Amino acid sequence: MGKATRPNASRIKLKNIVMPCSEKLKASIWSRVSLDVIIFLCAVGLVCFILSCTSPLAKSAFATDRQEMKVIFIDVGQGDSTLVILPNGKSILIDGGERDMGQVVLSTIKTMHVAKIDAIVATHPHADHIGGLITVMNQLPVDKVIDSGQDYTTNTYFDYLDVIDKHKISYQIVHDGDMVVLDQSVKIEVFNPPNPLINGSDDDISNNSVVLKMTYGNFSIVFPGDLKEAGEARLAGKKLDANVMLAAHHGSGHSNSIPFLRAASPETVIIYAGANNPYGFPSQQALSNFGIINVKHIFRTDIDGSVVLTTNGSRQYTMQTSKSEKTVVVVPELNNPLLISSVVLLGVIILLKRRNALWNRLK
C-alpha cells in the first residue's frame with residue numbers, strides 16, 4: 001500500500017479561495033450577458049411593435065372602427081376645387097375652378113358616386129374659385145352655399161348669385177368662430193374672415209377668404225383660400241396645427257409666410273397650379289418656406305394631377321395622384337425608419353462584441 005501524500009495546506013487554501021471566486025465571476029458574467037440579452041430583446045420587441053402598428057400591412061389589424069373620409073383635390077388648371085366626402089357620406093365642395101372647368105368638377109363628383117352636394121363653400125368671389133360652381137349648381141342638387149358675403153362686380157359673380165336664387169339654394173355667410181356641422185365626427189371650424197371684414201389691405205377680396213380647418217379624430221387639414229400677407233398675419237397667432245394644408249393662393253410668394261406656416265405646421269402641402277401658368281406659381285419663395293418649416297410631402301396639380309387623400313381619422317393617411325401615379329402612405333409616428341433600423345443594428349454589434357470580450361475573459 002502506497003504512502004499517502006499529505007495535502008499542502010497553502011494549496012488547499014488557495015483552491016478554496018480561487019474556485020468560489022471563479023464561480024462568482026462566471027455567474028456575474030452570465031448575469032450581465034443575460035441582462036444585456038433581455039434588454040436588447042425588449043428593445044427589439046418594442047421597435048417591432050411600433051413598426052407593426054404603423055405599417056400599412058397592419059392597418060386591418062389595428063384600424064379604428066371609423067369610416068373613411070376622402071379629400072379630392074381636383075386638377076382644374078389654374079384654379080381651386082376640392083371635394084370632401086365625409087365619413088357619414090355627406091359631401092362638401094370647396095370652390096369650383098374657372099367656369100370652363102365646371103364639367104371637370106362635375107365629372108369628378110360623379111366618379112366619386114356623389115349624387116348631391118350638401119354644402120358648397122366659395123372661399124372668395126374670384127372667377128378661378130367660383131366659375132365652375134355655376135355648372136355644378138345647375139346640374140346637381142345642392143343643399144347650401146357658404147361664403148364670406150363679399151360683393152364683387154363681375155359677370156361670373158352675378159351669374160353665381162343668380163343660380164343660387166334660381167335653384168332656391170340656402171345661403172349662409174360665415175365668419176371667424178363659426179362652425180359648419182354636417183357630420184358629428186368631423187369638426188369644421190371657420191377661422192376667417194373676421195367680422196367686420198378686413199378693409200384697406202392690398203387685396204381685401206383674397207384676405208377675406210373663408211378659411212376652414214377640418215378635424216377628424218387625429219387628422220386635420222386646413223383650407224386657406226387665397227389669403228395674402230394681411231390675412232395670414234391675422235391667423236399667425238392661431239392654433240391651426242394640421243397634418244395637411246392647401247397652399248395659400250396657389251403657392252404665391254405673397255402668401256405662405258413663415259409665421260402662418262408655423263401656425264399650421266403641416267407635414268404635407270397641396271398646391272393648385274396650372275401647368276406653365278403665367279404667374280409662375282408655385283413661387284420659389286413659397287417652396288423655400290415650405291422647406292424651412294420642414295414640410296415633408298408636396299403635391300402639385302400641375303405635376304401630379306388630381307390628388308386623392310384618404311384618412312380614417314388616425315394620423316396615418318394615404319395620398320394618391322392621377323397624373324404622376326404615385327401612392328404615398330404618410331405615417332407621422334414613424335418619422336425615421338432608417339434611424340430605428342440603424343439603432344437596432346448598432347445594438348446587435350455592441351452585444352456581439354461585448355459577448356466575445358466576456359468569453360475571452362472566461363478562457
Side-chain angles (χ1 to χ4, degrees), residues 68-85 92-97 101 104-105 108 112 121 123-124 128-129 132 188 191 206 209-216 219-227 232 240-253 255-257 260-261 263-275 277 279-311 315-332:
E68 288 183 340
M69 180 172 82
K70 288 189 178 292
V71 184
I72 302 95
F73 302 91
I74 307 169
D75 181 6
V76 289
Q78 189 54 44
D80 279 32
S81 186
T82 308
L83 175 67
V84 182
I85 304 174
I92 305 172
L93 180 62
I94 304 172
D95 293 330
M101 286 291 163
V104 173
V105 176
T108 301
M112 300 306 297
V121 178
T123 59
H124 62 292
D128 61 331
H129 288 253
I188 306 175
F191 280 86
S206 294
S209 291
V210 174
V211 176
L212 299 178
K213 177 182 178 180
M214 295 186 187
T215 303
Y216 179 38
F219 173 84
S220 58
I221 181 169
V222 170
F223 302 90
D226 273 6
L227 282 186
E232 289 188 350
L240 292 174
D241 294 332
N243 304 83
V244 179
M245 190 184 84
L246 185 62
H249 199 198
H250 315 283
S252 166
S255 306
N256 306 290
S257 61
F260 176 67
L261 292 175
S265 60
E267 67 206 352
T268 299
V269 167
I270 294 88
I271 303 171
Y272 276 119
N277 67 83
Y279 311 103
F281 295 150
S283 71
Q284 286 303 313
Q285 181 62 60
L287 294 174
S288 174
N289 288 353
F290 296 146
I292 289 171
I293 69 148
N294 199 29
V295 170
K296 294 182 173 57
H297 306 281
I298 295 177
F299 296 88
R300 299 168 47 167
T301 55
D302 60 333
I303 295 174
D304 297 305
S306 296
V307 181
V308 179
L309 182 157
T310 306
T311 174
R315 294 193 65 210
Q316 175 176 308
Y317 53 94
T318 303
M319 310 290 292
Q320 294 176 294
T321 66
S322 61
K323 188 187 295 184
S324 58
E325 299 182 335
K326 294 188 295 191
T327 298
V328 179
V329 179
V330 182
V331 188

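Note that the numbering runs from 1 along the sequence shown for the chain. Everything quoted here is computed from the prediction, not taken from an experiment.
When all heavy atoms of A264 and M245 are compared, the pair lying nearest together is CB-SD, 3.7 Å. Residues S209 and D226 approach most closely at OG-N, 3.2 Å, considering heavy atoms. Considering every non-hydrogen atom in both V307 and D304, the closest pair reads CG2-CB, 4.4 Å. Residues I293 and P266 come closest through the heavy atom pair CD1-CD, 3.8 Å. Closest approach of Q78 to G274, counting heavy atoms only: OE1-N, 2.8 Å. Closest of all the heavy-atom pairs between P282 and R300 is CD-NH2, 3.4 Å.
Within the 4.5 Å cutoff, the side chain of I72 has heavy atoms near those of the M112 side chain. In this structure the side chain of I92 reaches within 4.5 angstrom of the side chain of M214, judged on heavy atoms. Two residues are said to be in side-chain contact when any heavy atoms from C-beta on lie closer than 4.5 Å; V105 and V76 meet this criterion. Between V121 and L93, the closest side-chain pair of non-hydrogen atoms is not below 4.5 Å. For the pair I271/L287, a side-chain contact is recorded, criterion being any heavy-atom separation below 4.5 Å from C-beta on. Annotation: side chain of V330 is not in contact with side chain of T318 (no heavy-atom distance under 4.5 Å). Annotation: side chain of P224 is in contact with side chain of F260 (closest heavy-atom distance under 4.5 Å).
Atom CZ in F73 sits 11.0 Å away from atom OG in S81 (nearest 0.5 Å). In this structure, the separation between CE on M319 and OG1 on T311 is 10.5 Å, given to the nearest 0.5 Å. Note that OG1 of T327 is 4.5 Å distant from CD of Q320, once rounded to the nearest 0.5 Å.
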Go through Y216 and I188 one step at a time and tell me if the side chain to side chain contact (heavy atoms under 4.5 Å, CB included) criterion holds. CA-CA 9 Å; Y216 179 38; I188 306 175; over 6 Å; no
Self-check item: Check against side chain to side chain contact (heavy atoms under 4.5 Å, CB included), I298 and T268
Solution: CA-CA 6 Å; I298 295 177; T268 299; over 6 Å; no
Take V84 and M69 through the test side chain to side chain contact (heavy atoms under 4.5 Å, CB included) and record every step on the way to the result.
CA-CA 7 Å; V84 182; M69 180 172 82; 4.3 Å; yes
Worked check of side chain to side chain contact (heavy atoms under 4.5 Å, CB included) between H297 and V269: CA-CA 6 Å; H297 306 281; V269 167; over 6 Å; no
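Partners of T82 under the side chain to side chain donor-acceptor pair (under 3.5 Å) rule, at least two apart in sequence or in another chain, are Y272. In this view, F281 and H249, H250, Y279 satisfy the ring pair (Phe, Tyr, Trp, His ring centres under 6.0 Å) rule, not counting sequence neighbours. Not counting sequence neighbours, the partners of I292 by the side chain to side chain contact (heavy atoms under 4.5 Å, CB included) test are I258, R262, S288, N289. Partners of F191 according to the ring pair (Phe, Tyr, Trp, His ring centres under 6.0 Å) rule, which considers only residues two or more places apart in sequence or in another chain, do not exist here. K323 pairs by the salt bridge (Lys or Arg N to Asp or Glu O under 4.0 Å) definition with nothing, not counting sequence neighbours. Partners of S206 under the side chain to side chain donor-acceptor pair (under 3.5 Å) rule, at least two apart in sequence or in another chain, are D203. Residues that satisfy the side chain to side chain contact (heavy atoms under 4.5 Å, CB included) test with S306, not counting sequence neighbours, are I74, D75, S322. In this structure, the ring pair (Phe, Tyr, Trp, His ring centres under 6.0 Å) partners of F219, at least two apart in sequence or on a different chain, are Y317. In this structure, the side chain to side chain contact (heavy atoms under 4.5 Å, CB included) partners of A263, at least two apart in sequence or on a different chain, are L240. The side chain to side chain contact (heavy atoms under 4.5 Å, CB included) search around S283 returns Q285, A286, not counting sequence neighbours. Under the side chain to side chain donor-acceptor pair (under 3.5 Å) criterion, D241 pairs with K239, S265, sequence neighbours left out. Shown here are the side chain to side chain donor-acceptor pair (under 3.5 Å) partners of D95, two or more places apart in sequence or in another chain: T123, H129.
Residues T321 and K326 bring no donor and acceptor atom of their side chains to less than 3.5 Å of each other. Side-chain contact annotation: E68 with T310, donor-acceptor N/O pair under 3.5 Å absent.
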